[in-house]
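As the structure lists them, so they are numbered: ligands from 1, and atoms in each ligand from 1.
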Amino acid sequence: MGLRKLDIEGIGMTSQRTRNRLVARLMEKGVRNEAVLQVMSRMPRHLFVDEALASRSYEDTALPIGHGQTISQPYIVARMTELLLEGEKPPCKVLEVGTGSGYQAAILSPLVDRVFTVERVEPLFRSTQELLHALGFRNIHMFLRDGSWGLPQEAPFDAIIATAAPEVAPPALLEQLAVGGRLVIPVGKQSGYQLLQVIVRHSETAYSVVEHEAVQFVPMVNDKP
Ligand code: SAH
């Protein structure tokens with residue numbers, strides 16, 4: 001991803017007006033959290049996709065970002081962020097599994113203290129690292145690794161968000177949640193069809209699960225046996 005694209009204000013299809021239309025659509029679809037809507041209205045999503053797709057970057061759809069991966073649909077980003085922030089107190093330290101384009105991490109950045117995000121595809125990791133750095137996101141910490149094992153050296157997390165779907169929630173992610181913390185994760189055996197789950201850790205040993213809408217994510221790959 002070339003940094004020549006760092007046109008933050010945007011022109012034409014990447015303008016504020018286009019972003020406002022997207023936010024209106026998110027509200028129609030039921031997104032209520034004001035802080036989330038505000039961050040979505042400011043975030044230059046066109047910078048997180050390839051230049052050839054920039055004109056479609058404010059449509060409410062997932063788009064390819066290379067390496068067989070996608071930037072998530074804006075509605076799903078908004079919905080998952082809203083669910084992540086729904087706890088009794090706002091999360092300070094958040095882990096994201098599946099950095100991809102960096103868009104979800106960028107949306108979280110102004111809403112929490114620190115974002116830790118892990119990606120397993122090296123070229124994607126490198127280009128996103130360059131982009132997030134150029135855009136000045138200083139509270140996003142990126143790691144190249146298999147996120148199904150979480151990030152033990154930084155645990156516990158107040159919240160964890162997975163933007164790739166495992167068949168079942170990985171035990172490491174459950175263990176790395178702080179008590180009172182929540183995991184927002186698409187879960188399902190079928191690629192491209194999963195249910196969004198919110199798993200809350202109530203004590204050392206007690207967790208609850210609430211299922212939300214059906215979503216379409218790429219599978220969470222598990223590199224180690
Ligand atoms: N949050 C991203 C969505 C990217 S798609 C965005 O806003 O653009 C999901 C990403 O998860 C892909 O980049 C994929 O490589 C990554 N992924 C899949 N399995 C993973 C794993 N086990 N650990 C880390 N990243 C993983």
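- Residue His67 does not touch ligand 1, judged by heavy-atom distances below 4.0 Å.
- Taking 4.0 Å as the cut-off between side-chain N and carboxylate O, Asp60 and Lys29 count as a salt-bridged pair.
- Regarding atom 23 (N) of ligand 1, its nearest protein heavy-atom neighbour is Gly147 N, 2.7 Å.
- Given atom 22 (N) of ligand 1, the protein heavy atom at minimum distance is Val221 O, 2.5 Å.
- With no hydrogens or angles considered, no side-chain donor-acceptor pair links His141 and Thr117 at under 3.5 Å.
- Of the charged side-chain nitrogens involved, at least one lies within less than 4.0 Å of a carboxylate oxygen, so that Lys93 and Glu154 count as a salt-bridged pair.
- A donor-acceptor contact under 3.5 angstrom links the side chains of Tyr58 and His46, judged on distance only.
- Side-chain N/O atoms of Glu28 and Tyr75 include no donor and acceptor closer than 3.5 Å.
- Nearest residue to atom 8 (O) of ligand 1 from Gly98, Ser101, Ala106 is Ser101 (criterion: closest heavy atom).
- In terms of protein heavy atoms, atom 7 (O) of ligand 1 is closest to Gln104 N, 3.1 Å.
- In terms of protein heavy atoms, atom 5 (S) of ligand 1 is closest to Thr70 O, 3.0 Å.
- Among all protein heavy atoms, the one lying closest to atom 12 (C) of ligand 1 is Gln69 OE1, 3.2 Å.
- Using a 4.0 Å cut-off between charged nitrogen and carboxylate oxygen, Arg79 and Glu213 count as a salt-bridge pair.
- Atoms of ligand 1 lying under 4.0 Å from any heavy atom of Ala164, numbered from 1 in the order shown and given with element: 11 (O), 18 (C).
- At under 3.5 Å, not a single nitrogen or oxygen of Asn222, backbone or side chain, sits near a nitrogen or oxygen of ligand 1.
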